Amino acid sequence: MKKGDHLFLVDGSGYIFRAYHALPPLNRKSDGLPTSAVLGFCNMVWKLMQDARNTSVGIVPTHFAVIFDYSSKTFRSDLYPEYKANRSAPPEDLIPQFGLIRQATVAFNLPCIEMEGFEADDIIATYSRLACEVGADTTIVSSDKDLMQLVGPTVGMYDPMKDRQIGIPEVVEKWGVPPEKMIDLQALTGDSVDNVPGVPGIGPKTAAQLLEQFGDLDGLLARASEIKQDKRRETIIANADKARISRELVTLKNDVPLKEGLDDLILHAPDGPKLIGFLKTMEFTTLTRRVAEATATEIGDVQAASVTIERADTAHGPDVGAGAPAAPRPAPPNGTAEPSRPPVRGEDAPPQGDTPSLLSALRLEQATARKIDPSAYTAIRDLAALKAWVAEAREAGILAFDAETTSSDPMQAELIGLSMAIAPGRAVYVPLAHMSGNGDLLGGGPLADQIAVREALALLKPLLEDRSVLKIVQDMKYDIVVMSRHGIEVGPFDDTMLVSYVLDAGTSGGHDLASLSEKWLGHAPASKKELAGSGKSAIGFGQVDIERATAYAGEQADLALRLWQLLKPRLAAKGLVSVYERLERPLVPVLARMEQRGISIDRQILSRLSGELAQGAARVEEEIYGIVGERINIGSPKQLGDILFGKMGLPGGSKTKTGQWSTSAQLLEDLAAEGHELPRKIVDWRQLTKLKSTYTDALPGFINPGTNRVHTSYALAATTTGRLSSSDPNLQNIPVRTAEGRKIRTAFIAEKGHKLVSADYSQIELRVLAHVAEIPQLKQAFADGADIHAITASEMFNVPVEGMPSEVRRRAKAINFGIIYGISAFGLANQLSIPREEASAYIKRYFERFPGIRDYIEETKTYARENGFVETIFGRRIHYPEIRSSNPSVRAFNERASINARLQGTAADIIRRAMVHMEEALEKAKLSARMLLQVHDELIFETVEAEVEATIPVVRRVMENAPMPAVSMSVPLHVDARAAHNWDEAH
DNA sequence: ACAGAAGCTTA
DNA sequence: GTAAGCTTCTGTT
């Protein structure tokens with residue numbers, strides 16, 4: 001090696017973990033072998049090697065090595081036995097990939113370096129020192145902070161996943177110290193992942209500041225007494241030894257005795273057939289094709305290679321990556337390996353040759369084939385160009401679009417521009433209301449070269465309403481509300497967020513565009529934050545310059561289109577089309593209309609209540625100060641705990657998981673019951689201040705000045721079970737249990753001459769339970785219209801319903817609810833304040849009387865364990881990937897959740913169906929009632945007074961028959977409905 | 001300015 | 001024992 005050469009050192013071990021966690025799971029089609037990290041690794045190495053041939057790129061490797069950890073036992077464990085001691089075993093589906101990545105390295109014709117007793121980082125440190133000594137440059141392919149100490153004038157780092165160079169300035173920017181001080185900084189901060197102790201309470205910011213002040217760690221420790229802050233000074237003096245040992249642990253060893261010298265690392269051209277053989281075996285079709293093209297190799301001429309797979313059950317040692325050449329098992333004769341685990345039924349099973357699965361695979365290729373390049377999107381700035389685009393979109397028949405606006409509240413949002421895409425990579429942005437100036441006081445005037453909103457929308461309206469052009473949008477409800485305020489009724493449509501929700505509810509990750517893009521396309525889209533800033537200094541989207549806005553907005557539409565291409569076919573492949581088409585998509589315009597209508601609230605009532613609550617709270621506050629003897633902050637659980645259990649020495653204190661005294665309402669109630677005065681007053685104070693701050697003070701701020709009503713926002717894809725959620729404001733948690741709280745409901749009122757109608761399902765989840773678990777006694781009780789909890793109590797305790805003590809019924813009721821929540825003796829005991837043994841006995845007795853429920857619970861757990869998901873009676877899937885966890889409490893939690901999900905999810909599906917059918921039924925009956933709110937088992941309407949009596953039976957009929965005709969339930973549904981001027985009296 | 005914990009509201 | 005969202009405090013940035 002000589003001056004001018006360039007050595008690439010890939011941190012193989014670090015990359016494995018990062019690729020595994022960053023990339024969407026991928027399984028080899030033929031046998032389910034997990035391969036996502038292997039593919040990520042191969043793509044990354046291939047790209048780096050291709051860049052080597054492209055001399056126009058700044059960095060050109062001449063030497064190349066991939067470095068791995070050998071085992072977790074290194075000289076550092078002798079230094080400090082706890083080092084890396086709290087590492088947990090790698091995920092099961094990662095284990096076979098360690099060996100495969102080493103084999104991939106060999107297939108790429110690259111040196112695969114590891115050394116017993118040393119970490120990959122030490123080997124990297126040694127090579128980079130050697131390269132430096134002969135005057136060559138080094139690039140370390142990693143983003144691990146532990147390697148940043150090596151950065152220098154000739155040594156840089158490169159993060160392949162973020163495509164980012166890390167040099168001296170980047171280290172300083174990120175950590176506040178130059179690379180040579182990284183060792184001292186890490187010595188102070190420690191590392192919880194590797195179990196490097198550091199000094200407790202010192203984070204990177206404090207450490208950088210101290211090193212700035214004292215020069216280095218030795219200087220700091222020598223002059224620690226000069227530190228001003230008392231606590232900091234004491235901890236640093238007390239933990240000086242920990243800092244010193246930490247420094248030893250984080251200092252990389254740059255004199256590892258290496259077998260391969262620098263000249264053994266010369267980069268050779270890849271051996272096409274050898275590499276393709278490996279890639280073919282892995283079934284990486286796209287990469288195989290690329291490599292074949294680049295190396296002019298015929299794919300068909302190459303035999304699949306044989307690879308060895310490390311299985312989870314044969315893995316050894318804490319760092320399974322370790323034993324690279326570990327006893328290879330003979331490969332099966334056909335050259336493919338056995339699956340590492342049996343494929344789960346229905347989930348990413350190998351294609352059976354059925355069209356939907358093949359289509360899914362094809363669409364994945366299409367969606368990812370063309371590179372995502374935000375600079376390729378164009379801005380449309382005149383009518384002629386827009387006309388041409390509209391014609392093109394008509395031809396295409398599909399159009400992804402996204403509205404850029406001034407607000408996340410669609411009722412307040414002003415249009416700034418529209419982006420659209422008709423094919424992957426083919427996206428445009430139509431700026432409409434961008435302003436000049438860069439966040440100046442007045443923001444300047446509108447920019448030139450923009451089509452006027454009216455003209456643009458006049459041209460786009462026919463396209464957006466065209467029944468023969470499918471619109472594709474991520475979160476359609478928002479765009480429906482915004483566009484309908486401009487007189488455009490967008491349709492027909494598909495919503496990528498909802499497709500993902502139907503496919504993957506319960507799997508990790510959200511259903512927002514950025515999450516989906518990362519998960520499926522391996523691409524992190526530009527964030528609005530990057531563009532417009534955040535917090536106080538944020539600028540409006542209209543102030544973003546049009547070029548940057550085009551790149552951002554175009555990408556949003558492009559990604560929605562690509563995601564649709566690859567996700568939509570999966571619905572059919574998994575039999576989820578009808579869930580999407582009956583329960584999700586049609587609800588979108590219904591909810592959009594509910595949100596747009598909003599509900600009227602009476603400011604005066606709320607303001608009067610606020611005053612009363614303030615007075616009440618002030619009175620209680622004074623009483624509390626009187627008892628305590630000082631003016632503590634009652635809202636601070638910390639101060640409260642210190643007073644109650646420290647100063648006043650009350651008994652029965654318990655601690656929360658962070659070691660604080662618990663001051664929960666339950667605990668305070670118990671203390672109050674023992675005759676203590678203070679806890680009662682604290683509970684009262686909390687109720688008053690809660691009602692005031694969360695409701696009476698906050699709600700008026702949500703009144704839209706234009707409509708004078710409150711418009712909540714419903715999330716369709718926020719819960720795992722299929723329920724909706726409500727926010728800004730949340731109108732699904734308006735108080736109802738206490739008389740004080742119910743007063744807030746009196747502020748939700750109907751317009752003049754109108755009434756609110758509230759209709760709610762009675763015991764819907766227990767009815768669903770009786771139906772799915774087929775419990776004869778419960779079915780009979782519901783058919784008779786009997787008191788279900790009393791019947792339960794009667795069955796369990798052999799007491800007649802007539803004259804039953806309320807306590808007996810209360811216990812049966814708690815058990816019924818417990819079943820819905822996935823009962824545990826612990827939970828029931830807590831709920832009823834009885835010993836756990838007693839709760840256990842109740843449950844046992846319950847199962848004896850209702851054996852069908854025990855069967856239902858067991859069957860649900862088994863099904864969830866085998867499939868990784870449960871289903872509602874309408875086929876909605878709710879995933880519980882952690883149900884096979886080896887951690888018993890995680891497993892038990894997932895079992896309870898899956899039991900609950902079938903019931904809660906089915907109930908959610910039923911009310912969704914009612915909502916989808918409701919508008920048409922009202923219209924058919926020539927009723928003007930408007931649906932305003934949904935609260936899980938309740939619908940609230942507003943209707944003219946004269947139609948109240950006619951409306952109620954229609955609403956009841958639709959709700960009670962909602963499962964039909966998809967499902968005919970063996971238990972009748974019952975709906976209670978009432979009308980009144982306000983929500984309190986209607987409920 | 002933001003994140004997490006604790007607490008409280010609903011079905 | 002299930003499912004959510006919002007406010008306050010607290011500690012860190």
Side-chain angles (χ1 to χ4, degrees), chain A residues 176 201-206 209 505-506 529 533-538 633-641 655-668 682-683 686-695 697-699 702 712-715 718-738 740-742 744-745 760-761 763-765 814-832 836 839 843 857 878 889 892-905 907-908 911 933-938 987:
Chain A
I202 305 291
K205 300 291 159 186
T206 315
Q209 183 240 309
K529 260 191 192 165
S534 68
K536 220 171 117 189
S537 55
N633 181 350
I634 309 169
S636 162
K638 189 165 141 41
Q639 293 185 32
L640 217 46
K655 298 281 181 82
T656 66
K657 64 180 170 196
T658 54
Q660 290 293 322
W661 289 110
S662 166
T663 65
S664 67
Q666 177 63 57
L667 197 147
L668 296 181
I682 294 168
V683 170
R686 280 194 182 152
Q687 191 201 11
L688 297 169
T689 52
K690 173 77 179 178
L691 293 176
K692 181 167 186 287
S693 66
T694 308
Y695 303 105
D697 286 354
L699 283 172
F702 285 101
T712 184
S713 173
Y714 287 106
T719 71
T720 47
T721 55
R723 275 191 176 180
L724 303 179
S725 76
S726 154
S727 65
D728 310 294
N730 180 356
L731 296 185
Q732 292 180 324
N733 71 347
I734 302 301
V736 71
R737 288 195 225 270
T738 66
E740 276 296 300
R742 263 200 307 278
I744 290 161
R745 291 197 170 216
D760 66 291
Y761 284 106
Q763 310 285 8
I764 187 163
E765 287 175 4
I815 296 172
N816 277 337
F817 273 93
I819 298 294
I820 293 170
Y821 297 153
I823 201 154
S824 76
F826 181 84
L828 183 65
N830 258 346
Q831 177 66 33
L832 289 174
R836 183 125 51 109
I843 294 170
I857 288 172
I878 301 135
S889 66
F893 175 82
N894 279 272
E895 288 171 353
R896 291 195 298 273
S898 55
I899 291 160
N900 173 256
R902 284 181 75 184
L903 307 174
Q904 188 185 110
I911 197 166
L933 302 178
Q934 189 250 42
V935 192
H936 309 309
D937 66 359
E938 176 188 13
H987 183 73

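Each chain gets a letter, A, B and so on, in the order its sequence line appears, and its residues count up from 1. Only a predicted model underlies this, so the values are computations on that prediction, with no experimental measurement involved.
- Across all strands shown, A:G635 has heavy atoms under 4.0 Å from sugar-phosphate atoms exclusively, and none from any base.
- Using a 4.0 Å heavy-atom criterion, one finds that A:I823 contacts the bases of the nucleic acid, with or without backbone contacts as well.
- Proximity of A:L640 to A:R686: side-chain heavy atoms (C-beta onward) are separated by under 4.5 Å at one or more points.
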query = Where along nucleotides 4-11 of chain B does protein come under 4.0 Å, by heavy atom, of base (B) or sugar-phosphate alone (S), with - for untouched nucleotides?
reply = -SSBBBBB
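- One can place CZ of A:R896 at 7 Å from P of C:dG1, the figure rounded to the nearest angstrom.
- Judged by distance alone, the side chain of A:R745 and the main-chain N or O of A:I734 form a donor-acceptor pair under 3.5 Å.
- Contact annotation for A:T720: backbone-only contact, meaning every heavy-atom pair under 4.0 Å involves sugar-phosphate atoms and none involves a base.
- Not one N or O on the side chain of A:T694 forms a donor-acceptor pair closer than 3.5 Å with the backbone of A:L691.
- Taking the salt bridge (Lys or Arg N to Asp or Glu O under 4.0 Å) definition, one finds that A:D697 meets it with A:K692, sequence neighbours left out.
- Listed nucleotides: C:dT2, C:dT7, C:dA4. Nearest to the side chain of A:T719: C:dA4.
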Taking distance alone, no hydrogens or angles, what donor-acceptor pairs closer than 3.5 Å link side-chain atoms of residues 816-824 of chain A to residues at least two apart or in another chain?
| unit_1 | atom_1 | unit_2 | atom_2 | d |
| --- | --- | --- | --- | --- |
| A:N816 | OD1 | A:Y846 | OH | 3.1 |
| A:N816 | ND2 | A:H789 | ND1 | 3.1 |
| A:N816 | ND2 | A:T792 | OG1 | 3.0 |
| A:S824 | OG | A:G827 | N | 2.9 |

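- At least one donor-acceptor pair under 3.5 Å links the side chain of A:T712 to the backbone N or O of A:S727.
- Ranking C:dC9, C:dT8, C:dA3 by closeness to the A:T721 side chain, first place goes to C:dA3.
- When rounded to the nearest whole Å, the span between CD of A:E895 and P of C:dA3 equals 14 Å.
- A:A814 comes within 4.0 angstrom of a nucleotide base, judged by non-hydrogen atoms across all strands.
- One atom, CG of A:D728, and another, C1' of C:dC6, lie 10 Å apart when rounded to the nearest Å.
- Within the 4.0 Å cut-off from OP1 or OP2 of C:dG5, at least one side-chain nitrogen or oxygen of A:S725 is found.
- Rounded to whole Å, the distance from CG on A:L828 to C1' on C:dT2 is 14 Å.
- In this structure, of C:dT7, C:dT2, C:dT10, it is C:dT7 that holds the atom nearest to the side chain of A:A698.
- Using modelled atom types, one side-chain atom of A:Q732 and one backbone atom of A:Q934 make a donor-acceptor pair closer than 3.5 Å.
- The distance between atom CD1 of A:I899 and atom C1' of C:dA3, rounded to the nearest whole Å, is 15 Å.
- Across the protein-nucleic acid pair, A:N900 atom CG and C:dA4 atom C1' stand 12 Å apart, rounded to whole Å.
- Rounded to whole angstrom, the span from the CD1 atom of A:I843 across to the C1' atom of C:dG1 amounts to 9 Å.
- Per the geometry, CG belonging to A:L640 stands 15 Å off C1' belonging to C:dT10, to the nearest Å.
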